[in-house]
Amino acid sequence: MLHPDLYPHIFTRKSIRKYTGTPLSAAQIDAVRGALGGLVPLFAEERYKLVCEPENGGVLHRVYAYGEDTAGGNANIGFLLQQLDLALHGQGLGRLWFGMGKAPKDIACEPPLSYAICLKVGNAAGPLARAGAAEFDRKPIEEVVADAGLQHAFEAVRLAPSAANSQPWRFVRAGEFIHAYRKRLGLVKAALFGRMNQVDMGIALCHAVLGLAHEGVAVKGISADAPSPAPAPDGYVYTAAIQI
Ligand SMILES: Cc1cc2nc3c(=O)[nH]c(=O)nc-3n(C[C@H](O)[C@H](O)[C@H](O)COP(=O)(O)O)c2cc1C
């Protein structure tokens with residue numbers, strides 16, 4: 001479903017916040033635009049728009065993402081842009097998920113789509129890659145998935161990026177389904193991070209698909225709003241089911 005070449009980048013990628021003063025070259029911009037064309041949506045029915053433009057007044061480019069502001073629409077954006085994050089990391093480019101940015105005024109967007117988030121892209125000033133998993137600040141794997149048989153594949157999910165490093169995901173296996181749950185936010189955090197919290201779930205699902213495929217487990221499909229098999233873990237909201 002996703003290109004297996006993306007998988008190894010999960011273990012070395014990091015957010016890049018310092019960039020050189022050198023703008024992307026024409027070839028680098030072509031590479032970003034080319035990578036956009038190869039992204040696979042999480043849900044075929046979700047409408048979305050991705051636009052790569054130079055950052056206003058800066059040397060970076062941004063890939064602006066638009067989708068419907070629903071759990072499925074936002075997860076779809078996370079799934080798409082995380083493929084781009086991994087692909088561009090593999091091409092030696094610095095990237096930063098940037099949830100605090102505003103919608104650009106010069107890009108047209110018709111409802112029901114609205115601006116969700118962007119990925120900044122540029123030439124990194126400093127090392128682009130981590131040496132290994134020990135350099136990631138993340139929760140233990142038991143808090144991601146309790147099923148020991150899935151923990152090796154889900155190391156890829158454990159290392160996924162999330163807004164404010166909140167890591168809001170939790171996965172529960174039930175037969176041929178792996179159910180994905182998202183941590184419920186309080187009112188204040190929901191106002192600030194609600195949309196990003198749902199984007200995070202798409203990022204986790206992207207890494208889950210890559211991790212499972214690497215272990216030889218084919219994903220037959222991912223469905224949103226499937227009925228939850230059992231009460232959600234305390235403090236979590238049901239999001240999607242991965243069928244294996
Ligand atoms: C949806 C999302 C939104 C984010 N927004 C911002 C942001 O506005 N500013 C920022 O500096 N980092 C932002 N980040 C980066 C996270 O802080 C970072 O992914 C997390 O701390 C884990 O670090 P790592 O990406 O280096 O592994 C965002 C990440 C995600 C996934």
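First listed ligand is number 1; within each ligand, the first listed atom is number 1. Keep in mind that the numbers below use all heavy atoms, side chains included, and drop hydrogens, waters and symmetry copies.
Between Tyr7 and Phe11, the angle of the ring planes goes over 60°, which puts this pair in the perpendicular group of the 30/60° scheme.
Protein residues having at least one heavy atom under 4.0 Å from any atom of ligand 1 are Arg13, Lys14, Ser15, Arg17, Leu96, Trp97, Phe98, Gly99, Met100, Ile117, Arg130, Arg138, Pro161, Ser162, Ala163, Ala164, Asn165, Met196, Asp200, Ile203, listed by chain and number.
In this structure, Ile203 is not a member of the same hydrophobic cluster as Leu86, with clusters built from ILVMFWY side-chain heavy atoms closer than 4.5 Å. A chain of hydrophobic side-chain contacts below 4.5 Å, direct or via other Ile, Leu, Val, Met, Phe, Trp or Tyr residues, connects Leu6 to Phe136.
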Next on the checklist: Run Asn76 and Glu46 through side-chain hydrogen bond (donor to acceptor under 3.5 Å, both in side chains) and show every step you take.
Outcome noted: CA-CA 7 Å; Asn76 190 51; Glu46 289 295 339; 5.5 Å; no
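With Asn197 as the fixed residue, the side-chain hydrogen bond (donor to acceptor under 3.5 Å, both in side chains) test singles out one of Arg182, Lys189, Lys183: Arg182.
Remark: side-chain polar atoms of Lys120 are not paired, donor with acceptor, to backbone N or O of Leu60 under 3.5 angstrom.
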